[in-house]
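Inspection log for the structure reproduced underneath, given as structure tokens.
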Amino acid sequence: MTANIHQEKDLSGIAHDPSLSGENKADAYLSTAYDVEVGVNAVEGDEAADKNYTIIPEGVNPALVRDEKMIALAGAIGTGLFLGSGKSISRAGPVGTLIGYGAVGTLVMSVMGCLAELSALAPISGAFVSQADLFFDPALGFAIGWCTFYGSVVSVPAEWSAVAVVMTYWTDLSPAIWIAICIFVTFMTNLFLIRIYGEVELICAVLKIALILGLILFGLIYDLGGIPGSDRIGFRYWKDGGAFGQGYYYPGTAGGKFAGFWLTLINAVYAFSGVESLAIAAAETRNPRRNVPKAAKHVFIRVFVFYMVTLFVVGLIVPYNDPNLLKSTGTAASSPFVIAAQRAGVKVLPSIINAVIITSAWSSGNHGMLVGSRSLYALALDGKAPKIFTRVSRFGIPYLAVIAQGSFQALAFMSVSSGASTVFSWLTNINSSSTLCIWMVIGFLSLRVREGMRAQNIQSHELPWSAPLQPFLSYYTVGASFLVLTTGGFYSFLPGNWDVSDFFSSYFSVIFMIVFYFGYKLWKRTKIIPLKEVPVGQLIAIADANPEDPPTPTKGFWKWFGRFWWD
């Protein structure tokens with residue numbers, strides 16, 4: 001994952017046709033300029049070495065090519081898998097959980113396809129935030145930009161609440177102590193130790209991947225009876241109604257089991273949240289038309305395979321009606337991974353699992369802190385946030401944006417009065433709903449590009465990269481995201497189950513997006529871009545003028561294996 005520091009250069013002198021002045025210049029910037037001669041203006045020297053597109057055709061708006069400085073981040077697998085999956089298994093059972101995560105996985109696949117197509121066409125800084133400005137309405141870019149920022153804002157205290165949950169395994173000290181330590185260390189890291197950020201993230205990423213692989217191996221050994229003193233489990237816990245758990249609200253009934261399954265979708269969205277930040281790297285990626293779609297496939301397959309295999313194994317060795325599992329995220333002892341280790345009688349393993357979960361939570365929180373502060377910095381550079389947040393220290397750190405982002409970490413202290421597990425649920429719901437809003441906008445922008453292409457008589461094969469199954473992929477992204485977003489808080493409306501905090505955490509993002517979109521639209525008097533002026537043609541012209549380097553062929557076994565895993 002990456003966090004972007006948007007820094008747009010003045011490229012007004014690159015396309016310097018004297019005829020493009022006044023009204024003629026404005027007209028030439030429309031997408032009807034696709035038919036102009038390609039390849040007459042170039043960026044040379046060191047600047048060209050740092051840009052994806054060094055040739056800008058005459059008549060093409062140079063602002064469509066933007067320069068960006070980036071910070072590369074290690075991929076993060078957060079607490080959604082380690083802690084949030086427990087309630088899913090108890091409510092929906094192992095099979096219901098697999099189906100729920102698999103269903104959301106198909107949605108993620110669609111999101112990544114739409115995202116790859118958009119990023120290959122317009123590899124610009126800000127990714128889908130800037131693409132909303134280009135393809136639909138600057139007001140949508142404003143709303144989704146702030147939605148992305150606040151999604152990072154709530155994800156950080158969610159991780160600190162998870163740390164407070166995990167620490168209960170070893171001590172009964174107040175959660176405020178551990179939350180305060182996390183906040184202090186994260187502030188220090190982001191303000192003064194950012195130079196070692198990459199090394200720290202790499203170590204945390206290695207630990208998380210090693211833990212997942214180790215848990216899968218341990219689970220298979222335990223399930224097959226390889227632990228001394230334990231019998232072979234096989235599919236024992238999937239029998240006698242255990243495959244679909246106890247359900248929710250109406251335990252043991254078909255309606256209750258379906259309600260339990262539906263609740264897994266929100267947990268799954270939280271577990272997959274953040275994959276869309278892959279697109280932020282597109283503006284700096286070499287050969288984006290080839291590498292961004294490849295990276296999208298790479299991220300989806302690996303994360304999806306890790307999640308599904310891990311959940312499958314845990315579902316084999318932990319029964320849905322385990323007393324600790326029923327109160328999952330109440331204490332660290334209710335984590336399904338810890339329960340499995342305890343049931344197997346391996347005394348040291350629960351402590352190892354919890355220790356790595358803490359590093360995972362801290363890594364994800366630190367990542368959210370960095371992404372959020374840089375998102376706020378980028379919004380300020382674009383004039384969509386107060387300019388004060390553009391101030392940087394002598395080390396290049398946007399310290400005021402870091403302080404503003406970091407101040408919201410105090411939300412984690414709600415764990416002291418309301419309980420860490422309750423606050424964790426609130427914050428994960430808010431994060432999931434903001435993620436669904438982002439996914440829905442990505443699908444909508446993909447549809448918008450397709451509609452613009454139809455209006456301008458541009459064919460799919462002319463795109464730098466065209467996702468398969470389009471436009472159905474875009475329709476599915478919008479429809480499925482909308483369905484889960486609007487029904488995810490259904491439990492608040494069940495008889496006797498109304499709770500203001502649950503309703504707020506489930507639907508705040510919808511209210512947020514509506515208020516910010518129409519508020520900015522009324523304030524700035526923005527207009528929706530007509531379909532014939534959506535700059536698809538200009539972006540295709542830029543891509544055609546800058547052919548990419550041919551891929552280096554891979555031979556032998558790795559060529560065959562790569563077709564599935566990364567090519």
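Computed from a predicted model, the values in this text were never measured in an experiment.
- Atom CZ of Phe482 is surrounded by 12 or fewer heavy atoms from other residues, nucleotides or ligands within 6.0 Å.
- Two residues are said to be in side-chain contact when any heavy atoms from C-beta on lie closer than 4.5 Å; Trp465 and Leu121 fail this criterion.
- Looking at heavy atoms from C-beta onward, Ser351 lies in side-chain contact with Trp170 at the 4.5 angstrom threshold.
- The CG atom of Asn267 sits 6.5 Å away from atom OG1 of Thr428, with the distance rounded to the nearest 0.5 Å.
- Ring centers of Phe142 and Phe516: under 6.0 Å apart, within the cut-off.
- The CD1 atom of Ile144 sits 8.5 Å away from atom CG of Leu445, with the distance rounded to the nearest 0.5 Å.
- Using the six-membered ring where Trp is involved, Tyr248 and Phe490 have ring planes that are perpendicular, over 60° apart on the 30 and 60° scheme.
- Here the side chains of Trp262 and Tyr491 are not in contact, with every heavy-atom distance at 4.5 Å or above.
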Next on the checklist: I'd like to know whether Ser119 forms a side chain to side chain contact (heavy atoms under 4.5 Å, CB included) with Gln131, so could you lay out the CA-CA distance, the side-chain angles of the two residues, the decisive distance to 0.1 Å, and finally the verdict.
Outcome noted: CA-CA 9 Å; Ser119 298; Gln131 289 160 1; 4.1 Å; yes
Next on the checklist: Could you walk me through whether Val392 and Leu400 satisfy the side chain to side chain contact (heavy atoms under 4.5 Å, CB included) test, starting with their C-alpha distance in whole Å, then the side-chain angles of each, then the deciding distance to 0.1 Å, before giving a yes or no?
Outcome noted: CA-CA 8 Å; Val392 297; Leu400 290 180; over 6 Å; no
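- A distance of 6.0 Å or more separates the ring centres of Phe149 and Tyr377.
- Taken to the nearest 0.5 Å, the CD1 atom of Ile403 stands 11.0 Å off from the CZ atom of Arg391.
- Just one residue in the list Val441, Asn431, Leu265, Val484 forms a side chain to side chain contact (heavy atoms under 4.5 Å, CB included) with Leu436, and that residue is Val484.
- Between Val269 and Tyr101 there is no side-chain heavy-atom pair separated by less than 4.5 Å.
- Judged by distance alone, the side chain of Thr97 and the main-chain N or O of Ser88 form a donor-acceptor pair under 3.5 Å.
- There is no side-chain donor-acceptor pair under 3.5 Å between Glu159 and Trp362.
- For Phe503 and Tyr507, the gap between ring centers is short of 6.0 Å.
- Here Thr390 contributes atom OG1 and Leu379 contributes atom CG; the two are 12.0 Å apart, rounded to the nearest 0.5 Å.
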Item to check | Evaluation steps, side chain to side chain contact (heavy atoms under 4.5 Å, CB included), between Val156 and Gln405 | outcome: CA-CA 9 Å; Val156 179; Gln405 157 79 4; 3.7 Å; yes
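- The two residues Gly105 and Phe304 make their nearest non-hydrogen contact at CA-CE1, 3.7 Å.
- Closest non-hydrogen pair, Phe187 versus Ser407, comes out as CZ-N, 4.1 Å.
- Looking at Ser481, its side chain never comes within 3.5 Å of a backbone N or O of Val478 through a donor-acceptor pair.
- Between Ser432 and Tyr270, the closest heavy-atom pair is OG-CB, 3.2 Å.
- In this structure the side chain of Val338 reaches within 4.5 angstrom of the side chain of Asn354, judged on heavy atoms.
- Once rounded to the nearest 0.5 Å, the distance linking CE of Met513 with CZ of Phe518 reads 10.5 Å.
- Rounding to the nearest 0.5 Å places OG1 of Thr487 at 9.5 Å from CG of Leu263.
- Aromatic ring pairs are classed by plane angle as parallel below 30°, tilted from 30° to 60° and perpendicular above 60°; the pair Trp498 and Phe493 is tilted.
- Between Ile430 and Ser433 the shortest heavy-atom distance is O-OG, 2.8 Å.
- Under the 4.5 Å side-chain criterion, counting only non-hydrogen atoms from C-beta, Phe135 is not in contact with Phe444.
- Side-chain contact of Asp502 with Asn429: a donor-acceptor pair under 3.5 Å is absent, judged by distance alone.
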Item to check | From CA spacing to verdict: side chain to side chain donor-acceptor pair (under 3.5 Å), Tyr517, Asp137 | outcome: CA-CA 9 Å; Tyr517 175 77; Asp137 186 348; 2.9 Å; yes
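- For the pair Ser446 (side chain) and Ile442 (backbone), a donor-acceptor distance under 3.5 Å is absent.
- With contacts defined as side-chain heavy-atom distances shorter than 4.5 Å, the pair Thr148/Ile438 qualifies.
- In this structure, the side chain of Ser434 does not engage the main chain of Gly151 through any donor-acceptor pair within 3.5 Å.
- For the pair Arg91/Thr264, no side-chain contact is recorded, criterion being any heavy-atom separation below 4.5 Å from C-beta on.
- Of all non-hydrogen atoms in Cys114 and Gly443, the two that sit nearest each other are SG-CA, 4.4 Å.
- A donor-acceptor pair is defined here as one N or O able to donate and one able to accept, closer than 3.5 Å; no such pair exists between the side chain of Asp382 and the backbone of Lys384.
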Item to check | Worked verdict on Ile529 versus Phe136 for side chain to side chain contact (heavy atoms under 4.5 Å, CB included) | outcome: CA-CA 5 Å; Ile529 299 171; Phe136 184 67; over 6 Å; no
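- Taking every heavy atom of both residues into account, Ala410 and Ile183 meet most closely at N-CD1, 4.3 Å.
- Side-chain polar atoms of Thr477 and Trp439 form no donor-acceptor pair below 3.5 angstrom.
- Judged purely by atom type and a 3.5 angstrom limit, Lys521 has no side-chain atom pairing as donor or acceptor with the backbone of Ala139.
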Next on the checklist: Is there a side chain to side chain donor-acceptor pair (under 3.5 Å) between Ser373 and Tyr399? Walk through the geometry before answering.
Outcome noted: CA-CA 8 Å; Ser373 60; Tyr399 62 94; over 6 Å; no
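- The backbone N or O of Thr106 sits less than 3.5 Å from a side-chain atom of Ser110, completing a donor-acceptor pair.
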Checklist entry - Run the ring-ring contact (aromatic ring centres under 6.0 Å, His included) check on Phe408 and Tyr150 step by step: do they pass? => result CA-CA 9 Å; Phe408 288 95; Tyr150 107 79; 9.6 Å; no
